[in-house]
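In what follows, a structure is listed as structure tokens, so that the remarks can point back to it.
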Protein chains: 2
Amino acid sequence: MAWDVEGTKRALLTAAVAEFSEKGFGGARIDRISERAGVNRERLYSYFGNKRQLFEAVLADQLGTILDGVPVTETGPAAAAGFAGRYFDACRSHPELPRLVFWEGLELTYPIDTDTRTARAALKSAELGAAVGELSGRDAASLLLTIVSLCHSWFASPNLGLIITGDDGDHEGRRRIVTATTEALTRGLLEGPAGG
Amino acid sequence: MAWDVEGTKRALLTAAVAEFSEKGFGGARIDRISERAGVNRERLYSYFGNKRQLFEAVLADQLGTILDGVPVTETGPAAAAGFAGRYFDACRSHPELPRLVFWEGLELTYPIDTDTRTARAALKSAELGAAVGELSGRDAASLLLTIVSLCHSWFASPNLGLIITGDDGDHEGRRRIVTATTEALTRGLLEGPAGG
DNA sequence: TCAATTTCCAACTAAACGTTTGGAGATTCG
DNA sequence: CGAATCTCCAAACGTTTAGTTGGAAATTGA
């Protein structure tokens with residue numbers, strides 16, 4: 001049987017995504033990652049270097065294109081609301097992504113792969129701003145940050161939902177609030193500085 | 001010199017707040033906590049039991065009254081915006097609090113001290129809903145959750161701010177967006193289901 | 001076919017880590 | 001004043017953990 005270096009790497013990375021998103025850097029264990037991957041731990045060191053480098057590889061692999069897969073399709077304030085709803089759905093389908101972003105923010109002093117991610121975020125901000133109407137770059141970026149923050153915190157901090165609304169499982173209800181918030185903020189931004 | 005059991009406990013708890021808010025449960029170290037406190041590690045086990053119980057004591061001590069210190073003073077949508085701004089300021093003054101909430105959400109399967117915290121959140125929701133005008137309990141809770149989520153994620157996930165807006169240090173700018181978002185959402189909720 | 005190279009593995013290592021132990025010193029009360 | 005009790009400490013313990021080593025097995029190319 002042929003060697004499968006790429007397959008082994010991919011298996012390790014997939015296992016590492018699961019382990020780091022669940023436990024963070026400090027709580028993740030090399031043993032568990034190699035067990036989940038069905039690969040010897042020494043292979044992990046050979047391919048990725050050390051635990052910290054593996055974590056950074058996971059963040060780069062998973063977070064680089066986190067915004068790309070969610071399109072902006074409507075126009076006007078509905079564009080922002082629609083995008084927010086789809087981003088919420090994306091987070092619901094892949095809750096490991098918001099979790100990884102929060103682990104990154106809590107455990108690293110500086111984000112990974114900032115050039116790539118900053119560039120992609122700027123593209124999405126511009127796309128959103130154009131679809132909405134006339135938003136400044138700054139306002140569009142703030143709007144995007146608000147959308148992403150609301151979506152991420154619902155999935156990464158379900159304790160808050162449970163304590164404040166008594167329910168961390170009402171995804172539909174929360175989705176409606178997130179889209180309503182987004183549309184309301186967008187209208188406010190379009191009305192100009194008086195609104196902000 | 002008299003024994004100071006309460007002082008020793010308080011020193012350990014204070015050191016533990018700092019350590020757990022910075023590193024989370026998985027990354028925190030008992031050695032560092034006892035060093036910061038200037039207290040022998042054995043005292044920690046004697047007073048708190050084990051590392052996990054100390055973490056839970058920290059969460060109960062710090063998060064139980066997190067909303068209480070921020071008043072609702074205006075009326076109408078400005079009440080929500082004003083509260084949001086003050087809550088943002090509280091988070092800025094005590095960034096360990098949003099961080100601890102996120103560590104709790106990521107590292108525990110169920111929040112600590114939920115009865116106390118749920119009761120206090122319900123009081124604050126009711127206070128906010130009444131000040132704003134006529135908001136249902138459910139809407140008021142959703143509004144409160146939105147405010148808290150926006151404030152917490154700015155401080156616990158500064159990586160996002162850096163990547164999306166290019167600046168994780170513009171607290172004033174972000175504060176304006178949070179208050180504007182809050183006011184816009186509040187107006188939308190007051191207008192009824194068409195808004196949500 | 002065989003030597004060289006590469007991928008992969010089991011076992012090992014040293015340090016880190018949470019927790020416990022034996023006892024010193026301080027306090028309290030009879 | 002002295003015994004009992006309590007608070008506190010330094011050192012030790014057993015386990016966990018990240019990372020490394022020596023070598024087996026598979027692959028490749030001459």
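For clarity, every value in this text was computed on a predicted model and none was experimentally measured. By convention in this document, chain letters (A, B, ...) are assigned in the order of the sequence lines, proteins followed by strands, and residues within each chain are numbered from 1.
Judged by distance alone, the side chains of B:Ser157 and B:Asn159 do bring a donor and an acceptor atom under 3.5 Å apart.
Here salt bridge (charged side-chain N to carboxylate O under 4.0 Å, His left out) pairs that include residues 81-98 of chain A, with residues two or more places apart or in two chains, are A:Glu74-A:Arg86, A:Asp89-A:Arg175, A:Arg92-A:Glu172. Applying the side chain to side chain donor-acceptor pair (under 3.5 Å) rule to pairs touching residues 145-154 of chain B yields A:Arg174-B:Thr146, B:Tyr87-B:His152, B:Trp154-B:His171, sequence neighbours excluded. Residue pairs that meet the salt bridge (charged side-chain N to carboxylate O under 4.0 Å, His left out) test with at least one member in residues 101-112 of chain A, sequence neighbours left out, are A:Glu104-A:Arg117.
Rounding to whole angstrom units, NZ of residue B:Lys9 and P of D:dC6 are separated by 14 Å. Put simply, CD on B:Glu6 is 15 Å from C1' on D:dC8, counting in whole angstrom units. Between the P atom of C:dC12 and the CG atom of A:Asn40 lies a distance of 14 Å, rounded to the nearest Å. A straight line from CD1 of A:Ile30 to C1' of C:dT13 spans 16 Å, rounded to a whole angstrom. When rounded to the nearest whole Å, the span between CD of A:Glu35 and P of D:dT16 equals 13 Å. Distance, B:Leu54 CG to C:dC17 P: 16 Å, rounded to whole Å. Rounded to an integer number of Å, the gap from CD1 of A:Ile33 to C1' of D:dT17 is 12 Å. We find that CD of B:Glu42 is positioned 13 Å from P of C:dT19, with the value rounded to whole Å.
Think of B:Leu123 as one node in a network of Ile, Leu, Val, Met, Phe, Trp and Tyr side chains linked at under 4.5 Å; it has no links at all.
In this model, the phosphate group of D:dA18 is approached by a side-chain N or O of A:Arg29 to a distance below 4.0 Å at OP1 or OP2. Under 4.0 angstrom from either OP1 or OP2 of D:dC8 there lies at least one side-chain N or O belonging to B:Thr8.
In this structure, A:Arg99 is not positioned above the aromatic face of A:Phe155 in the sense of NZ or CZ being under 6.0 Å from the six-membered ring centre and within 45° of the axis.
The nucleotide whose nearest atom lies closest to any side-chain atom of B:Arg43 is, among C:dT19, D:dC9, C:dC9, D:dC9.
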Only distances under 3.5 Å count here; give the side-chain donor-acceptor pairs of residues 59-72 of chain B to other protein atoms, sequence neighbours excluded, each with its distance to 0.1 Å.
residue	atom	partner	partner atom	Å
B:Asp68	OD2	B:Arg120	NE	2.4
B:Asp68	OD2	B:Arg120	NH2	3.4

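Shown for residues 44-51 of chain B: residues whose heavy atoms fall under 4.0 angstrom of DNA chain C, namely B:Tyr45, B:Asn50, B:Lys51.
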